Participant: 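Sharing a structure below in structure tokens format, with a few things to ask.
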There are 2 protein chains.
Amino acid sequence: MLLRCQLLSEVEARGVRLTAQRRALIETIQEATTHLDAASLLELAHKRDPNINRATVYRTIELLKQLGLIDELDLMHLNGEKHYYEVKTEKEHLHLACFKCGEIVEFATPAFERLKHEIAAKNQFEIQAIRLEVGGLCGLCAAKKQKQLQ
Amino acid sequence: MLLRCQLLSEVEARGVRLTAQRRALIETIQEATTHLDAASLLELAHKRDPNINRATVYRTIELLKQLGLIDELDLMHLNGEKHYYEVKTEKEHLHLACFKCGEIVEFATPAFERLKHEIAAKNQFEIQAIRLEVGGLCGLCAAKKQKQLQ
DNA sequence: GTATTTGCAAAAGCTTTGCTGCAAC
DNA sequence: GTTGCAGCAAAGCTTTTGCAAATAC
């Protein structure tokens with residue numbers, strides 16, 4: 001799996017030596033198909049190594065954040081205050097969170113990229129992290145609401 | 001003060017009866033010149049009524065959120081996990097948070113408005129809340145870093 | 001042998017809740 | 001006399017931390 005190798009090698013390319021536990025955690029993040037919060041990451045990583053501890057999870061997340069390799073999301077606090085993590089992608093994308101059904105959709109558009117550049121230029125700001133989150137009703141839930149009102 | 005009357009009357013226009021404490025809290029939010037978190041709001045509101053309780057603060061914030069009159073911000077978790085609140089404005093704006101000096105700058109641009117509309121249209125999404133937060137180095141701190149590197 | 005990492009449990013920080021009594025209408 | 005609000009303290013949830021033991025190099 002190409003992607004899996006990328007995150008790991010990105011870390012090592014930065015001269016960071018990894019323990020087996022951290023490697024397991026990083027692989028788990030890389031292979032995840034949904035947005036992971038710390039607890040879910042721990043649970044998933046336990047399949048690789050049941051001894052991994054919560055503290056190690058947080059410390060590894062901290063490491064990856066420092067290296068600028070993952071992004072931290074709130075997903076509009078749809079499920080409380082936990083954070084979610086995803087591997088940083090080349091192109092910025094945003095997250096749509098449905099307050100009704102909880103669905104999370106990702107959306108990328110050149111307009112977001114352009115906006116990002118405008119922000120940096122007009123404010124002389126060196127952007128290290130950018131997070132655009134949207135909350136509301138997805139198409140399905142919005143349609144349902146319309147029906148109920150009729 | 002015109003603005004102050006607006007938030008209050010917006011609430012009452014929605015048929016919500018307010019107690020004196022809630023009115024005091026809402027006035028405090030309206031008049032604040034910085035982004036308030038719950039604790040700061042409580043502290044400030046105590047000048048109007050020293051009996052206001054933390055629980056009442058959170059319950060009033062919840063009310064205003066439900067009514068769609070305030071926005072909740074994280075400000076890139078610059079100071080921990082607390083939330084900040086601001087009166088919802090007509091035009092969307094975003095927040096730039098400097099990881100170094102902690103400065104928060106607001107920035108509005110038509111490009112953000114356009115992006116918002118594109119998001120809604122392309123995803124058939126009914127946007128109720130949108131939050132764009134940026135973290136990095138403000139111009140000053142970025143310049144300082146450049147100097148140190150030389 | 002020194003430097004890091006781990007495991008554990010406790011603490012910390014912010015927010016929510018249960019419940020009792022109080023106030024409003 | 002209902003209905004809803006306030007006050008208090010405790011609980012809840014997620015994240016962070018201190019420290020001793022274990023591991024890696």
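Lettering follows sequence order; numbering is per chain, from 1. This is a predicted model, so every value here is computed, not measured.
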Participant: Mind calculating the distance between CZ (B:Arg23) and P (D:dC5) to the nearest angstrom?
Facilitator: 13 Å
Participant: With no hydrogens and no angle check, do the side chains of A:Glu72 and A:Tyr84 hold a donor and an acceptor under 3.5 Å apart?
Facilitator: no
Participant: Find the distance A:Leu63:CG to D:dT16:P and express it as a whole number of Å.
Facilitator: 14 Å
Participant: Do the side-chain N and O atoms of B:Glu113 and B:His117 include a donor-acceptor pair separated by under 3.5 angstrom?
Facilitator: no
Participant: How many whole angstroms separate atom CD1 of A:Ile61 from atom P of D:dT17?
Facilitator: 14 Å
Participant: Looking at A:Arg14 and A:Glu10, is any side-chain nitrogen of the basic one under 4.0 Å from a carboxylate oxygen of the acidic one?
Facilitator: yes
Participant: Do side-chain atoms of B:Glu103 reach the backbone of B:Cys98 as a donor and acceptor pair under 3.5 angstrom?
Facilitator: no
Participant: So, are A:Lys100 and B:Glu126 salt-bridged, with charged N and O less than 4.0 Å apart?
Facilitator: no
Participant: Would you say D:dA6 has OP1 or OP2 under 4.0 Å from some side-chain N or O of B:Thr19?
Facilitator: yes
Participant: What is the distance, to the nearest angstrom, from the CG atom on B:Leu25 to the P atom on D:dG7?
Facilitator: 10 Å
Participant: Treating primed atoms plus P, OP1 and OP2 as sugar-phosphate and everything else as base, which nucleotides of nucleotides 7-17 of chain C get B, S or - for protein heavy atoms under 4.0 Å?
Facilitator: BB-----SBBB
Participant: To the nearest Å, how far apart are B:His46 NE2 and D:dA6 P?
Facilitator: 13 Å
Participant: Can you check the B:Ile26 CD1 to D:dC5 P distance for me, whole Å?
Facilitator: 12 Å
Participant: So, A:His77 and A:Glu133: side-chain donor and acceptor under 3.5 Å apart, yes or no?
Facilitator: no
